[in-house]
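Positions are given from 1, in the same order as the sequence printed here. Predicted, not measured: the structure shown is a model, and the values here were computed from it.
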Amino acid sequence: MTREERRQKLESFGCAPALLSAALRRFPKKMWLYKPTPERWSIHETILHLADSEASAYIRCRGFIAEPGNAVQQFDAARWAGSLGYYHQSTREALEIIRRLRKMTYHLLFTLPEPVWLHRANYSGGGSMTLEDWVEYQERHIPHHIEQMKQTYETWLETHPPRKPAAPSPRPSVPSRMFPLSAGL
C-alpha cells in the first residue's frame, strides 16, 4: 500500500464513527430492538458489538506497535453478544466508547514511522497480518455493520409500514360574510 493509499484508509477509518452516527439518525429508535430473525442482531445489539470490537481493536493496535510478533487474542462476537446482556446496556455510552477509542487510535496511527506499518501479529487461530492489513480490515468494519443495519431497517419497514397521516377533517364552510346576531332577528 502506498503512503497515499494508507492516508486515505486512515481518513476513512477515522470518519467511521461519524458515518455510524449519521446512519443511526435515519433509523427510528423505536425499531432499534427489532430483530429480523433470531440469529441476526438488532441495531441495538450491533452498536454494543461495535463498542466491544472497538475496545478490542484499541488493544490490538497497540499490540501491533509495541509488541510485534505476539499473539492476538480474538473474541467470539456471538458469544459476547449472548453473554454480556447487550439488551440492558446503553447505546449512548457504547457510541461514546466507539467515538473516543477510534479517535485515539486514529491519532496514534498518524504518528507512526514507516517501518511500524510492517509489524506483524499472530492470530490464535493461525495466520498473521501486518498493522497495515489490520487497518484495512478495521476501516471496513463499521461500514459493514451500517449496511447490516440498513437491511434490518428495510426488513422492519416491510412489517411495520409507515402510517399514512390522517386526512384533515372537512371543515364546515364558513360564509364569507358574517352578520351580527342582532341583524334582523
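Not a single side chain to side chain donor-acceptor pair (under 3.5 Å) links Thr46 to another residue, sequence neighbours left out. Contacts of Pro113 classified as side chain to side chain contact (heavy atoms under 4.5 Å, CB included), with partners at least two apart in sequence or in another chain: Pro115, Val116. With sequence neighbours excluded, the residues forming a ring pair (Phe, Tyr, Trp, His ring centres under 6.0 Å) with His49 are Trp41, His141, His145, listed by chain and number. Partners of Thr111 according to the side chain to side chain contact (heavy atoms under 4.5 Å, CB included) rule, which considers only residues two or more places apart in sequence or in another chain, are Leu108. Take Phe13 and apply the ring pair (Phe, Tyr, Trp, His ring centres under 6.0 Å) test, not counting sequence neighbours, and it matches no residue. Take Arg3 and apply the salt bridge (charged side-chain N to carboxylate O under 4.0 Å, His left out) test, not counting sequence neighbours, and it matches Glu114. A search for ring pair (Phe, Tyr, Trp, His ring centres under 6.0 Å) contacts involving His44 returns nothing, not counting sequence neighbours. In this view, Tyr123 satisfies the ring pair (Phe, Tyr, Trp, His ring centres under 6.0 Å) rule with no residue, not counting sequence neighbours.
With no hydrogens or angles considered, a side-chain donor-acceptor pair links Glu4 and Gln8 at under 3.5 Å. No donor-acceptor contact under 3.5 angstrom links the side chains of Thr2 and Arg7, judged on distance only.
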Apply side-chain contact (heavy atoms from CB on, under 4.5 Å) to residues Lys9 and Arg6 and explain how you reach the verdict. CA-CA 5 Å; Lys9 292 280 182 198; Arg6 185 182 310 127; 5.5 Å; no
Leu109 and Trp117: side-chain contact (heavy atoms from CB on, under 4.5 Å), yes or no, with the steps? CA-CA 9 Å; Leu109 291 170; Trp117 288 99; 3.9 Å; yes
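Judged by distance alone, the side chain of Ser56 and the main-chain N or O of Asp52 form no donor-acceptor pair under 3.5 Å. Here the side chain of Asn122 pairs a donor or acceptor atom with the backbone of Gly69 at under 3.5 angstrom.
Put simply, the side chain of Arg62 reaches to within 4.5 Å of the side chain of Met104, judged on heavy atoms. Here the side chains of Arg92 and Glu96 are not in contact, with every heavy-atom distance at 4.5 Å or above.
In the hydrophobic cluster analysis, where Ile, Leu, Val, Met, Phe, Trp and Tyr join through side-chain heavy atoms closer than 4.5 angstrom, Tyr106 is grouped apart from Tyr58. Under the 4.5 Å side-chain contact rule for hydrophobic residues, Phe110 and Leu131 share a cluster.
Shortest non-hydrogen contact noted between Met1 and Glu5 is CA-OE1, 3.3 Å. When all heavy atoms are compared, the tightest approach of Thr130 to Phe64 is C-CE2, 3.5 Å. Summarising the geometry of Ala55 relative to Leu101, their closest heavy-atom pair is CA-CD1, 3.6 Å, with the distance given to 0.1 Å. Here the shortest heavy-atom pairing between Pro17 and Arg99 reads CB-CA, 4.1 Å. The two atoms that bring Pro143 and Glu139 nearest to each other are CD-O, 3.5 Å, heavy atoms only. Closest approach of Ile97 and Ala51 over heavy atoms only: CG2-O, 4.1 Å.
Other cluster members for Phe27: Leu19, Leu20, Leu24, Met31, Trp32, Tyr34, Ile43, Ile47, Leu50, Leu95, Ile98, Ile142, Ile146, Met149, Tyr153, Trp156, Leu157, joined by side-chain heavy-atom distances under 4.5 Å among Ile, Leu, Val, Met, Phe, Trp and Tyr. Members clustered with Leu33: Tyr87, by chain and number, using a 4.5 Å side-chain heavy-atom cutoff among hydrophobic residues.
Separating the CG atom in Leu10 from the CD atom in Gln138 is a distance of 12.0 Å, to the nearest 0.5 Å. Considering OG1 of Thr159 and CD of Glu154, their distance stands at 12.5 Å, rounded to 0.5 Å.
For the pair Arg60 and Trp134, the cation-pi test (distance below 6.0 Å, angle within 45°) is failed.
Within the structure, salt bridge (Lys or Arg N to Asp or Glu O under 4.0 Å) pairs that include any residue of residues 18-41 comprise Lys35-Glu45 (at least two apart or interchain).
Around atom CZ of Arg100, no more than 12 heavy atoms belonging to other residues, nucleotides or ligands sit under 6.0 Å away.
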Please tabulate, for side-chain N and O atoms in residues 74-84, each donor-acceptor pair with protein atoms closer than 3.5 Å (sequence neighbours left out).
{"from": "Asp76", "atom 1": "OD1", "to": "Ala78", "atom 2": "N", "distance (Å)": "3.2"}
{"from": "Asp76", "atom 1": "OD1", "to": "Arg79", "atom 2": "N", "distance (Å)": "3.1"}
{"from": "Ser83", "atom 1": "OG", "to": "Arg79", "atom 2": "O", "distance (Å)": "3.0"}

